[in-house]
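A quick write-up on the structure given underneath.
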Amino acid sequence: MTSVALLGYGTVGSGVFDLIEKNSKNTLQSYDEFINVSHVLVKNIRKHQDNKHYGLFTDSYEDVLKSDCDIVIEVMGGIHPAYEYIKSALMARKHVITANKDLIAEHGEELMTLANKYHVTLNYEASVGGSIPVLKTIKESLAAHPVKSITGILNGTTNYILSKMYNENISYDVALKAAQDAGFAEADPSSDVLGFDAARKLSILTHLSMNSVLKVKDILIDGITNLDEKDMAIAKKLGYKIKLIGKSIQYDHCLHAFVKPVYVQANSMLGLIDNEYNTVQMDLDTIGEMTFSGKGAGKHPTASAIYGDILDILLNEKKVLEPATKRPKICHYAQGKHEWLVRLYSLNQPINLEKILKFFTDGNMEIKDFENPNDLSFTIKGISESTLFEIIQKLQNLNIISVSKYFMIL
Ligand code: HSE
């Protein structure tokens, strides 16, 4: 018998409990093991007095630590006290499973080292991509192939909002409200909509797949809050969709990582991932491109990844990779030349196109929308991000434009 303790009984915790119960016969048959939930740690036990498993509920973490449970499953979220609980569980030689990407992105190296020291497992599949078993696949099945770049739609909430804005021609605010009503966006959606949630997941993915320590502060992060109906309309007109993309690229001399809205072909693999779905694409040495996709958020997708982590421990007992050792040099712009969609606004006077054209001598520019004389949209090919950024800065400094946006076209 393997005993597990759940730290937290919210949406994900209750989902994990359901899955353990539902699958108990199969697990016994296939793994010759019975999984028993020994404790459920909550803040307020009384709130759960009608639960049929009420006898398992406790508000004392000491009880969990002192017990002989084998696996501690942390589904409380937040950094504190999850960090302290996980550390003490590892030091008490208990395996740990967590869905907590904030914690792994921030303290993953230290916790992995601790798990190794105490010969226990630390699994965190649910921290990235919900139901998609991408971390285990990277660690094990693809271990022979260094990853050159990783590209993903890593946040279900923002993908849901962007899909709504695109399909229903609605504003960001209205789409956010719809995402909150559908149970995806939280009351305070900042971590999702400002891009931090996706950045933490990108940091975890990059750590594992490129053996590189990528701190969230080294990722260029831009969320979706500044996108408007016009951005969506232009995307539609040109056959693109806008997706919040997280991308890490290993160049010869540096690593570049970003989370930002990007224009992608509407019928490309990235373009076809809508609503709460996530996707992870990798370009691997010798075997080329690979794509994974599935539901990235919600009770059952997250619980599914945690359940997989439990079975992984049953099969393998102890197996934590050493934390990454490479501290990459970070480059702040995408290297090489790319295609961009640029929007320039002049708030006080109509845009002087002639003046603007003089600055864009590099690259191949095509005007896409200039119906409003204060708002110019064009695509430009064959220009580096740093050059584009410098030109836009100059235009702003010379008051030729007041505001600007630019998006990479993938
Ligand atoms: N808020 C996250 C998302 C949940 O929307 O993707 C899963 O990490």
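Just so you know, ligand 1 is whichever comes first in the structure, and atom 1 is the first atom listed for that ligand.
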Top protein contact for [atom], by heavy-atom distance:
atom	answer
atom 5 (O) of ligand 1	T157 OG1, 2.6 Å
atom 1 (N) of ligand 1	D192 OD1, 2.9 Å
atom 6 (O) of ligand 1	G156 N, 2.8 Å

Any side-chain donor-acceptor pair under 3.5 Å between [X] and [Y]?
X	Y	answer
K243	N159	yes
T113	N116	no
T279	S293	no
N123	D312	yes
E84	Y61	no

Determine, using heavy atoms of [X] and all atoms of ligand 1, whether some pair is separated by less than 4.0 Å.
X	answer
E276	no
G296	yes
K101	yes

Is a salt bridge present between D369 and K230, judged by a nitrogen-to-oxygen distance below 4.0 Å?
->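 Yes, this pair counts.
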Which of the numbered atoms in ligand 1 are below 4.0 angstrom from a heavy atom of K201?
->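 Within the 4.0 Å cut-off of K201, ligand 1 contributes 2 (C), 3 (C), 6 (O), 7 (C), 8 (O).
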